[in-house]
Amino acid sequence: MAKAFDMVLFGGGGDLSLRKLIPALYRAYKEGGLNKDTRILPVCRKQEDADAYLKTAQQALKTHLRDGEYDEKSWKAFSPLLRGVALDISKPDEKWDVLADLLGNDPKRVRLFYLAIPPAVFGPCCENLSVKGLIHENSRVVVEKPLGYNAKTADEINSKIAEFFPEENIFRIDHYLGKETVQNLLALRFSNVLFEHLWDAKTIDHIQISISETVGLEGRAGFYDDTGALRDMVQNHLLQLLCLIAMESPNSMSARNIRSEKIKVLEALRPLTDEKVDENIVRGQYVAGGLGKELVPGYLEELKAANSTTETFVAIRAHIDNWRWTGVPFYLRTGKRMEKRCAEIVIQYKKVSHSVYQPEAGEVLPNRLVIRLQPEESIKMVLMAKKMDSLTMELQPVELNLSLSETYDSFKSDAYKRLMLDAAANNSALFIHRDEVAAAWAWVDPIIDRWRETSNQPQLYRAGTWGPQASNELLAESGHHWFNP
Ligand code: BG6
């Protein structure tokens, strides 16, 4: 159980807080991960919202928790931890004194300032915390993406925060790193002798990392249209997953060691510039289509705009130019309004060098390791075996399957819960260092520049499909195809 700490949740009434953070804290409490002396202080702009916070939070839990997770007894026990505070984060007025009084002045007690607010107000918020003397030696700040719009703006944001907090007290969240299977990926790689020898260009043919979503704009039209899939998903989640798959073994699981290995991967990514962008990336935007039984509108209709060239889909062929990975394509793909919601990493091995079987045995298919992050979490190895009960030697693929949700009865992962408790415990291994943010933008920026310079038009795909046909062609050029779930 984490020691009692204080969490000031700026943007307490916002979407992220109500949908993810408050439910994650409730879960943590219910599962015994939060000390009852912990205080959660959601900050709202208006006094009436702060006064009504308990009601708002209770409603959010009922709406956003999974079936059966909410119960009155746990709510009664959890709710005294919560207390809404009203203040305008950009004004250094006397309302901050209420927060200061609530926090008290015990320098040993951990303070987490969670900035679930737009980056434009990070600066004033941190400044006011500092002016009001609320930052002490055990204060940490937790920030969320979007961390900037490109390398320059990311650097400005990071420099602003750095005026008030040292790097070791800045916790940059990428919630994908809090997902259980992502951590399991590290366990798989670095606590089994089996994989290390089979984890390079000699044995692996190619790797696919795909995050498909069925949702569209979800009321975030303004934000999304300025952002697009490359900035929203690739710059952070997909590149982080790529780092964990491709990095060398860290000397230890310390934050410093893990981060320095991840940075090496980002720096070894082959730059995609000029015509290389056109050759290796497919950009798409959805139009109306059938998703399950529902007919959903296209991007422009959802946006209520006559035109926009923002991408809602992107597929990339990337390469890592280092000793281990040279020649292995890494295919990255993400999109909204796709056929299924799924996040999956597929490691496709090479074929055996020579088949010893007669043609009747069938093709000896290459092995495949499939790490699924969602909707359910599992790790699956596809192997070749003899077909059962067949009198002749016939081969068929079989699956070695570790399903986390089936294996562990009470398995309920929650990335935010894990990350908030890690921040409280000062464990930053699953958080992003400033240099990683910079390295990821350094790879992404030239792609965006090229699209802008060439006025690139996204290829249209029907909602409820796997993206534009060009995405299949991108893989087909190298004799590959997407493994759609
Ligand atoms: C967020 C993106 O970072 O991740 C969203 O801004 C996206 O656009 C979301 O929907 C996906 O997260 P998850 O955990 O639902 O796959």
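Numbering of ligands and ligand atoms starts at 1, following listing order.
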Worksheet item: Of the protein's non-hydrogen atoms, which lies at the shortest distance from atom 11 (C) of ligand 1, and what is that distance?
Response: E213 OE1, 3.5 Å
Item to complete: May I ask you to identify the nearest protein heavy atom to atom 16 (O) of ligand 1, giving residue, atom name and distance to one decimal place in Å?
Response: Y176 OH, 2.5 Å
Discussion item. Using a strict threshold of under 4.0 Å (side-chain N to carboxylate O), is an ion pair present between K152 and E156?
Written reply: yes
Practice prompt. Would you please classify the geometry between the W199 ring and the F195 ring as parallel, tilted or perpendicular, with 30° and 60° separating the classes?
Written response: perpendicular
Worksheet, complete the sentence: Counting from 1 in the order shown, the ligand 1 atoms closer than 4.0 Å to a non-hydrogen atom of R341 are 15 (O)
Worksheet, complete the sentence: So the atoms of ligand 1 within less than 4.0 Å of a heavy atom of K145 turn out to be 1 (C), 2 (C), 3 (O), 6 (O)
Discussion item. Any carboxylate oxygen within less than 4.0 angstrom of a Lys/Arg side-chain nitrogen, looking at K264 and E261?
Written reply: yes
Discussion item. Check this for me - ligand 1, D232, N or O atoms closer than 3.5 angstrom, yes or no?
Written reply: yes
Worksheet item: Is there a heavy atom of Y224 sitting under 4.0 angstrom from any atom of ligand 1?
Response: no
Response to the item:
Near K336 (heavy-atom distance under 4.0 Å), the atoms of ligand 1 are 5 (C), 7 (C), 8 (O), 10 (O)
Worksheet item: Under 3.5 Å, is there a donor-acceptor pair linking the side chains of R333 and S210?
Response: yes
Item to complete: Flag this pair as yes if the NZ/CZ of R368 is under 6.0 angstrom from the six-membered ring centre of Y349 and inside a 45 degree cone about the axis; otherwise no.
Response: no
Worksheet item: Where is the tightest heavy-atom contact between P42 and G12, given as atom of each residue plus distance?
Response: CB-CA, 3.9 Å
Fill in: Salt bridge R189-E248, side-chain N to carboxylate O under 4.0 Å
no
Discussion item. Among all the protein's non-hydrogen atoms, which is closest to atom 12 (O) of ligand 1, and how far away is it?
Written reply: H175 NE2, 3.1 Å
Discussion item. If the threshold is 4.0 Å, N to carboxylate O, is there a salt bridge linking R27 and E69?
Written reply: yes
Discussion item. Give me the nearest non-hydrogen protein atom to atom 5 (C) of ligand 1 as residue plus atom name, then the distance to 0.1 Å.
Written reply: R220 NH2, 3.1 Å
Worksheet item: Short list, please: which atoms of ligand 1 are under 4.0 Å from a heavy atom of Q374?
Response: 13 (P), 14 (O), 16 (O)
Worksheet item: Backbone or side chain, does any N or O of K20 fall under 3.5 Å from an N or O of ligand 1?
Response: no
